[in-house]
Amino acid sequence: MSFFKSVYEAVKLIPKGRVATYGDIARYVGSPRAARVVGYALHVNPEPNAIPCHRVVNREGRLAPSFAFGGMEVQKALLEAENVEVSDDGYVDLAKYGFKFA
DNA sequence: TATTTGACGATTT
DNA sequence: CAAATCGCCAAAT
């Protein structure tokens with residue numbers, strides 16, 4: 001079980017209508033400081049079909065400022081499609097939609 | 001085998 | 001209050 005594999009599993013565990021932060025995922029897989037590795041793992045995204053990266057946000061509750069997998073418009077559409085309120089900048093309310101891993 | 005990089009996070013200036 | 005820097009971890013080259 002590679003670190004990346006665990007990350008993918010964790011992302012798949014995010015329920016619809018919820019978003020998780022890189023830090024939470026890193027913590028879930030066992031390396032609380034490996035948030036960057038989580039981001040890198042999603043960057044590779046070997047299974048875009050099963051890995052809803054739009055559902056993964058940074059600690060601010062927003063997608064990566066340096067990169068948008070296809071445009072924040074797409075992200076906004078995907079998240080809103082799951083009943084998640086998204087600000088015009090792509091911000092989500094972590095207090096309401098922030099998913100907490102077991 | 002070693003070095004560099006990278007969807008982050010927290011702290012300091 | 002906002003921007004820049006340092007620190008961590010694992011993978012890729």
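Numbered from 1 within each chain, the chains take letters A, B, ... in sequence-line order. Because the structure is a prediction, the values reported are computed rather than measured.
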DNA chain B: 5'-proximal contact among A/V37 and A/E60 (nearest heavy atom):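 The residue whose closest nucleotide sits nearer the 5' end is A/V37.
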
Minimum-distance nucleotide to [X] side chain [options: [options]]:
X	options	value
A/Y40	C/dC9, C/dA11, B/dC8	C/dA11
A/R36	C/dC9, C/dG7, B/dG9	C/dG7
A/R59	C/dC9, B/dG9, C/dA11	B/dG9
A/S31	B/dC8, C/dA10, C/dA11	C/dA10

Sugar-phosphate, base or nothing in reach of A/Y22, heavy atoms under 4.0 Å: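 Answer is base: heavy atoms of A/Y22 come under 4.0 Å of a base.
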
What integer distance in Å separates [X]:[atom1] from [N]:[atom2]?
X	N	atom1	atom2	answer
A/R33	B/dC8	CZ	C1'	11 Å
A/H43	B/dT4	NE2	P	20 Å
A/R62	B/dC8	CZ	C1'	12 Å
A/R27	C/dC9	CZ	C1'	16 Å
A/Y28	C/dC9	OH	P	21 Å
A/L42	C/dA12	CG	P	14 Å
A/F3	C/dC8	CZ	C1'	11 Å

Side-chain heavy-atom pair A/P46, A/F4 within 4.5 angstrom cut-off: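 Of all side-chain heavy-atom pairs linking A/F4 with A/P46, none is under 4.5 Å.
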
Cluster link A/V86 to A/Y97, ILVMFWY, side chain under 4.5 Å: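 As far as the 4.5 Å side-chain criterion goes, A/Y97 and A/V86 are connected within one cluster.
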
Pair partner, C/dC1 [Watson-Crick or wobble, under 3.5 Å]: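 The base-pairing partner of C/dC1, which may sit in any strand shown, does not exist here.
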
Heavy atoms from other residues, nucleotides or ligands near NZ of A/K12 exceed 12 (cutoff 6.0 Å):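 Counting other residues, nucleotides and ligands, NZ of A/K12 exceeds 12 neighbours.
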
Pair A/V7-A/Y40, side chain to side chain contact (heavy atoms under 4.5 Å, CB included): steps then yes or no: CA-CA 10 Å; A/V7 173; A/Y40 193 67; over 6 Å; no

From A/K76, A/R55, A/K16, residue fulfilling salt bridge (Lys or Arg N to Asp or Glu O under 4.0 Å) relative to A/E82: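 Option passing the salt bridge (Lys or Arg N to Asp or Glu O under 4.0 Å) with A/E82: A/R55.
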
